[in-house]
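Here the structure comes first, spelled out in structure tokens, and everything after it is commentary.
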Amino acid sequence: MKQMKNGTIVSQGKYIKDMIKKFGLLEAKSMSTPMGTNDQLGSDASGNMVDQKLYRSMIGSLLYVTTSRLDVMFSVCKCARYQASPRESQLKATKRILGYLKGTHDVGLSYPKGSSFELIGYLDSDYGGCKIDRMSTSGTCQLLGRSLVSWSSKKQNSITLSTAEAKHNSVLVVVHNCFR
Amino acid sequence: MKATLNNFGIKFKHMPLLCDNESAIKMTQYLVQHSRTKHIDIRHHFTRDHQQKGDISIESIGTKDQLADIFTKPLDGKRFCKLRNELNILDFSNLK
């Protein structure tokens, strides 16, 4: 947490550095995005099993990072679904997220000073994004003026039959968050 | 969240929600029954209710300006950086 003349910055730079050191990825390549656009992360039942304890501790650390680094939120949540029986391909994806964080550990959430107080919500969903059960994911974020106050990325609970229905479910997520 | 903002003394009555799907917007605006929407029943009325009270209004936004994209799909480097900056996630290593 840093206070400056024109705003406040929240970041977890030190934690990220320590985490990368802990998992021995100091020499890993820095990536520009946490996940490739064509990465088909599935259950990969034929792949080799990897150490579950390692995978889980990686996910656990990454989930803590998502409190300030919502740019990795989607990819971390995606990897976190495979904790029960992690395979090599999923471990590779997780390591890519760590590689991305390594390249961008000095990035943090900033709250500029003197912005207005208008609440605007954005919502989106990907239709049938999950390759295993074809459920959609809803993503929402709310901005108060220019600063981000609330966000979520969650796999929906039911299978939707159209993009409109998937988006409509995201609307519900926002309304639930804001008017409960 | 409404309650939290009220605690801070910020009264907000109306929140625009930006969505990039036209038919989802139409669905909340007009009461239409359709073979494809008939199963979206109770939840549907919940949002309609809030809309009629004026709490929310669902507006359309181009896919390019949709900030919530970052939470739903893997993006390429350029777009990812753009959205990240718009969400105010900034690199401060050179700001000190």
Side-chain angles (χ1 to χ4, degrees), chain A residues 2 4 9 11 32-39 69-71 73-75 104 106-112 117-126 129 137-144 146-153 161-165 167-172 174-175 177-180, chain B residues 1-5 8 10 12 14-28 36-37 39-40 43-44 46-47 49-51 53 55-56 58 61 63 65-81 83-84 86-96:
Chain A
K2 268 204 187 73
M4 291 193 301
I9 282 176
S11 89
S32 61
T33 54
M35 192 179 245
T37 41
N38 294 319
D39 283 4
R69 294 297 300 272
L70 45 129
D71 44 341
M73 182 119 162
F74 171 69
S75 30
T104 57
D106 263 345
V107 171
L109 207 52
S110 86
Y111 292 96
F117 286 109
E118 267 173 69
L119 195 67
I120 300 179
Y122 287 86
L123 58 98
D124 198 14
S125 67
D126 72 328
T137 314
S138 30
T140 66
C141 55
Q142 283 104 55
L143 283 97
L144 192 64
R146 271 171 60 216
S147 43
L148 192 64
V149 286
S150 155
W151 60 86
S152 79
S153 169
L161 298 180
S162 62
T163 37
E165 195 186 342
K167 303 256 170 185
H168 194 266
N169 279 345
S170 318
V171 176
L172 282 163
V174 185
V175 177
N177 272 339
C178 296
F179 299 100
R180 213 172 15 186
Chain B
M1 197 151 100
K2 195 181 184 183
T4 320
L5 283 177
F8 286 126
I10 301 161
F12 93 98
H14 172 81
M15 177 168 78
L17 289 179
L18 304 174
C19 179
D20 59 6
N21 186 293
E22 281 296 329
S23 51
I25 298 166
K26 293 270 158 54
M27 250 164 57
T28 40
R36 273 180 182 274
T37 58
H39 49 275
I40 318 171
R43 299 171 293 168
H44 173 72
F46 179 69
T47 36
D49 215 35
H50 273 294
Q51 180 156 37
K53 274 194 272 175
D55 286 341
I56 57 167
I58 302 187
I61 187 175
T63 334
D65 308 309
Q66 179 55 269
L67 298 186
D69 249 11
I70 205 167
F71 298 110
T72 54
K73 44 193 104 85
L75 303 166
D76 60 274
K78 206 174 141 202
R79 183 155 163 71
F80 187 80
C81 285
L83 287 185
R84 205 176 64 185
E86 284 191 28
L87 284 170
N88 269 322
I89 309 169
L90 305 172
D91 192 339
F92 61 93
S93 54
N94 46 7
L95 279 177
K96 277 166 198 167

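Proteins come first, then strands; the chains are lettered A, B, ... in the order of their sequence lines, and each starts at number 1.
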message = For A:Ser125, which atoms come within 4.5 Å of any heavy atom of chain B: side chain, backbone, both, or neither?
response = backbone
ask   = Any side-chain heavy-atom pair from B:Asn88 and A:Pro112 closer than 4.5 angstrom?
value = yes
task = Sort A:Leu143 into side chain, backbone, both or neither according to what part of it lies under 4.5 angstrom from a heavy atom of chain B.
result = side chain
ask   = Under a 4.5 Å heavy-atom cutoff, which of A:Thr104, A:Leu109, A:Leu70, A:Thr163 has the most pairs with chain B?
value = A:Leu70
ask   = Do you know which of A:Thr137, A:Leu123, A:Asp126 has the most heavy-atom pairs with chain B at a distance under 4.5 angstrom?
value = A:Leu123
query = Any donor-acceptor pair under 3.5 Å linking the side chain of A:Ser170 with the backbone of A:Asp124?
reply = yes
query = Relative to chain B, which of A:Ser150, A:Pro34, A:Ser153, A:Gly108 shows the most heavy atom pairs under 4.5 Å?
reply = A:Gly108
task = Answer yes or no: is there a donor N or O on one side and an acceptor on the other, between the side chain of A:Tyr111 and the main chain of A:Leu148, under 3.5 Å?
result = yes
inquiry  = Check whether A:Gln142 reaches the backbone of A:Trp151 with its side chain - one donor and one acceptor, N or O, closer than 3.5 Å.
reply    = no
query = Which residue out of A:Leu172, A:Val171, A:Thr33 racks up the most heavy-atom pairs below 4.5 Å with chain B?
reply = A:Leu172
task = Output the option from B:Leu67, B:Leu83, B:Leu87, B:Asp20 having the highest count of non-hydrogen pairs under 4.5 Å with chain A.
result = B:Leu67
ask   = Does the side chain of A:Arg69 pick up a donor-acceptor pair with the side chain of A:Ser11 at under 3.5 Å?
value = no
task = Under 4.5 Å heavy-atom distance to chain B, tell me which part of A:Thr140 shows up: side chain, backbone, both or neither.
result = backbone
ask   = Nearest heavy-atom pair of A:Phe74 and A:Met35: which atoms, and what distance?
value = CE2-SD, 4.2 Å
task = Would you mind checking which part of A:Ser138 comes under 4.5 Å of any heavy atom in chain B, side chain (CB onward), backbone (N, CA, C, O), both or neither?
result = backbone
ask   = Using non-hydrogen atoms only, which part of B:Ile58 is less than 4.5 Å away from chain A: side chain, backbone, both, or neither?
value = side chain
key: Student check: side-chain heavy atoms of B:Ile70 and A:Met73 closer than 4.5 Å   = no
query = Tell me, side chain or backbone of B:Leu75 under 4.5 Å from chain A's heavy atoms, or both, or neither?
reply = backbone
request  = Select, from A:Ser75, A:Cys141, A:Ser32, the one with the greatest count of heavy-atom pairs under 4.5 Å involving chain B.
outcome  = A:Cys141
ask   = Taking 4.0 angstrom as the limit, do B:Lys78 and B:Asp76 come out as a salt bridge?
value = no
